[in-house]
There are 4 protein chains.
Amino acid sequence: MDRMSVSTPNRPMSSRREATRKRLFEAAVTLISEQGYGATSVDEIAERAGVAKGTVYYNFGGKSELYTALMEWGVTRLADTLRDAVPSAETDPGRALVAVLRAGVEFIGEHEALARLLMAETWRTHQVWYTTIRHIRTKAIGVVIELLDALAEAGRLRPDLDTGLAGSALFGMVVTVALDWRTLQPDRPVEEIHATLTHMVDGFLGTTVSPMDP
Amino acid sequence: MDRMSVSTPNRPMSSRREATRKRLFEAAVTLISEQGYGATSVDEIAERAGVAKGTVYYNFGGKSELYTALMEWGVTRLADTLRDAVPSAETDPGRALVAVLRAGVEFIGEHEALARLLMAETWRTHQVWYTTIRHIRTKAIGVVIELLDALAEAGRLRPDLDTGLAGSALFGMVVTVALDWRTLQPDRPVEEIHATLTHMVDGFLGTTVSPMDP
Amino acid sequence: MDRMSVSTPNRPMSSRREATRKRLFEAAVTLISEQGYGATSVDEIAERAGVAKGTVYYNFGGKSELYTALMEWGVTRLADTLRDAVPSAETDPGRALVAVLRAGVEFIGEHEALARLLMAETWRTHQVWYTTIRHIRTKAIGVVIELLDALAEAGRLRPDLDTGLAGSALFGMVVTVALDWRTLQPDRPVEEIHATLTHMVDGFLGTTVSPMDP
Amino acid sequence: MDRMSVSTPNRPMSSRREATRKRLFEAAVTLISEQGYGATSVDEIAERAGVAKGTVYYNFGGKSELYTALMEWGVTRLADTLRDAVPSAETDPGRALVAVLRAGVEFIGEHEALARLLMAETWRTHQVWYTTIRHIRTKAIGVVIELLDALAEAGRLRPDLDTGLAGSALFGMVVTVALDWRTLQPDRPVEEIHATLTHMVDGFLGTTVSPMDP
DNA sequence: CATGAATGAGCCTTCATTCAT
DNA sequence: AATGAATGAAGGCTCATTCAT
């Protein structure tokens, strides 16, 4: 794919090249999240990035490779966000769960285009990126499921709850609410969104762990 | 859109023609839900439907009109499902809500392709079908919000809950869980999916309304 | 390749379509024989044939398929020519050989573009058409080799002669002379070319079989 | 063409540079003979030569200039071969002709890629290298024609033979047989190829001059 | 002397659409 | 009511060439 990696595998990428790639990433996320992959042309992406069309091919090898690289770039950001969501001092899985959900909302607020793009492609099982996207999703939901399992072990959840499905449910809830927020009421403060989600999870957790309580 | 309706408005559609349209609908939902609108060609749709390409244009006028007709066809089905979800004898909004969520899961189980297609297009704000899709979504979420409002009025929800956001959350939860079920564990009985969702909503509703309880 | 063959395999090709294909063939042979495959664009071919570019793809599926079809179209013509070269009354293999060589010269005179095109591609072993071209060549040389074998059996050739190599030699001789004739002295009558070739073969055949002798 | 020769005409080419040029020549002949000029990219040539793409431009100025230089490099080798083919002591034109044909076969055996490349381009009259190639061909055939003229003057050929056409015929015969040998039976010793050609020419020369005879 | 990142013209190909039959 | 041959605009991709380093 990447020519440089073939001919001189271990040379670090030149800073000029790295800057070009970043500009292309930023142009691509926005356009694709708005219009979709198929409706976004390479011409458009290159123009918005301020480079020639050939540069896309020089740097990524093709449109679909750019898209794949984009998603990997995105997953790195998501992983970073989730990793830092739970304070290392936090030992209560309930509080940790609330912190993770909050981090999810904030991630979507900050990387809205990326989130839209991932969600839009999530349900097409026959796309070439299906595996990549499923991987990202699994990783994110996995963090939630682990916390649910910890809660279950602590006897704080109904013992017959399917934590896999529940994780998927919480994930869907957070993403949907967050994107609806960005779409319909982008001016509302993130606190209000987070408070609503916490309310809903509170009941489910059987006990009040809301960070809004004193 | 429909040429015949222009030239001979009151003649009923011939059964031959109606059969052709139905075959095209079925071919289109499947292909588009799998590959996306942009990646599905009129050629493909016509071939799968077993008709010539020109027939698509004769019957619908174009690719995007076929897609629009498809979504309208889908929304009719969704409306029917939701309308029939709550037994007319049911007066408790909690039980009604659970019934609606169950209907949602079952709808997705039965019209998986349609659901995928709608979800995939939901988050692209710059598409020409954005309005149509938003309308469908608003309608479906509206049913949920109404019940949440009824619950709030009955004092069964925290008074400060934003029922609009909560409706969106429940919608996202149901759709995500249901599609994950179809994607990853299609053989599980719908009962298990429904039970999990009910568990999660139970706590939120503050009282047990699960249909599984005696 | 051919869409029609997929959907309705046994329907005869429409005469309109057949006419279009023929025009494309004629445009393509000329242009490719002059400029080469790589230097001839589909645009050029379509324009010379007086059709739209898409028509090439509708009829052949692609540039390389057009080229392959072209060569098969050509080989049919060559086969016809060689089949009719030897009068059915002719029983002497020497006279038959001379008749075949003459037919070869005449074929090249009449289908010069096709001959150039085949010769130019003959020596590139890594092309996708290598097999097709080799097949054509083998077929043509095969006719010569059979006659040489008959002559050998009749004791009219040195017994240690490798008729395979000799066939290749005669083939190369005829093609080279004929194309040089078309290139450098196109106004010379075909008789003079044929006479020269016959002179050269006469000696080799060990006996005079020239058709110019009484 | 050569930048250095413009700026510092009399400085000998550095050995580093000369080595680079040679590697590029060798990469180019092979690739172009296999795939053709149009299907061989500068990238490919540079990669096979183990240099960066820019180096091709630094050394030759462009792709077509590299190709031209390649052919000139080839013609030098062919000229050398033919010049040395006839022992200076040889005065019999028949024996000299056989020696020249043998030299041709050996040249092709040793410079197969170059020979393929020249042959493939020989018949496209509209290429920019047409003149260069015709020149090489004329030079090679000229050697043969001169010997044929000598034989004719000595009364050893039919007086009405067109030695120009006959030279072309012998040239085509040798090249075709030699390349078929390399393509289909590369393991056969060159002697067998040469013997067959000599047999064929013997009859034509009217007298036995085969080098295999004692 | 050599490099490799960037360029953009030109190409092959796809595909929604038209229309004569 | 349906067909399929033809179209041409649009898009992805290749590649010879340039140039700053």
Report task. Check B:R17, B:E18, B:E65 against B:N59 for a side-chain hydrogen bond (donor to acceptor under 3.5 Å, both in side chains) and give me the one that passes. Result -> B:R17
Query raised in the report: Looking across every strand, which nucleic acid part, if any, lies under 4.0 Å from C:T40 by heavy atom: base, sugar-phosphate, or nothing?
Result: sugar-phosphate
Requested in this report: Just call it for C:T20: base, sugar-phosphate, or nothing, with non-hydrogen atoms closer than 4.0 Å on any strand.
Outcome: sugar-phosphate
Report task. Using only heavy-atom distances, decide whether a donor-acceptor pair under 3.5 angstrom links the side-chain of D:K63 to the base of F:dT17. Result -> no
Query - Donor-acceptor contact below 3.5 Å, side chain B:K63 vs main chain B:T40 - result: yes
Query raised in the report: D:E72 and D:Y67: side-chain donor and acceptor closer than 3.5 Å?
Result: no
Query - Rounded distance (Å) that lies between atom C1' of F:dT18 and atom CD of D:E65 - result: 14 Å
**Report entry** Closest to side chain of C:Y58, choosing from F:dA6, F:dG12, E:dT18
**Finding:** F:dA6
Report task. Select base, sugar-phosphate, or nothing to describe what C:V51 touches, counting heavy atoms under 4.0 Å on all strands. Result -> sugar-phosphate
Requested in this report: Report which part of the nucleic acid B:T55 touches: base, sugar-phosphate, or nothing (heavy-atom distance under 4.0 Å, all strands).
Outcome: base
Query raised in the report: Starting at OH of B:Y57 and ending at P of E:dT18, how long is that distance when rounded to a whole Å?
Result: 8 Å
**Report entry** Toward the 5' end of DNA chain E, by each residue's nearest nucleotide, B:S41 or A:G54
**Finding:** A:G54
Query raised in the report: Between F:dA2 atom P and B:R23 atom CZ, what is the distance in whole Å?
Result: 10 Å
Report task. Select from D:G50 and B:G38 the residue whose nearest nucleotide in DNA chain E is closer to the 5' end of that strand. Result -> D:G50
Query - Closest nucleotide among E:dA6, F:dT7, E:dT13 to the A:N59 side chain - result: E:dA6
**Report entry** D:Y37 (side chain) donor-acceptor with D:E121 (main chain) under 3.5 angstrom
**Finding:** no
Query - Distance, rounded to the nearest Å, where B:R21 contributes CZ and F:dA1 contributes C1' - result: 13 Å
Query raised in the report: Is there a donor and acceptor pair closer than 3.5 Å between the side chain of B:K53 and the base of E:dT17?
Result: yes
Report summary line: A:R16 atom CZ is separated from F:dT21 atom C1', nearest whole Å, by 10 Å
Query - Complementary nucleotide for E:dA20 - Watson-Crick or wobble, under 3.5 Å - result: F:dT3
Query raised in the report: In terms of the nearest nucleotide of DNA chain F, which residue is placed more toward the 5' end: D:V42 or B:A52?
Result: B:A52
Requested in this report: Rounded to the nearest angstrom, tell me the gap between atom CG in B:L31 and atom C1' in E:dC15.
Outcome: 15 Å
Query raised in the report: For E:dG8, which nucleotide is its Watson-Crick or G-U wobble mate, given both distances must be under 3.5 Å?
Result: F:dC15
Query raised in the report: Ignoring hydrogens and geometry, is there a side-chain-to-backbone donor-acceptor pair from C:T55 to C:V51 under 3.5 Å?
Result: no
Report task. Measure from NZ or CZ of C:R21 to the centre of the six-membered ring of C:F60 and say whether it is under 6.0 Å with the direction within 45° of the ring axis. Result -> yes
Query raised in the report: Taking CZ from A:R17 and P from F:dT21, how many angstroms apart are they, rounded to a whole number?
Result: 18 Å
Query raised in the report: Rounding to a whole Å, what distance do you find between B:D43:CG and F:dT3:P?
Result: 13 Å
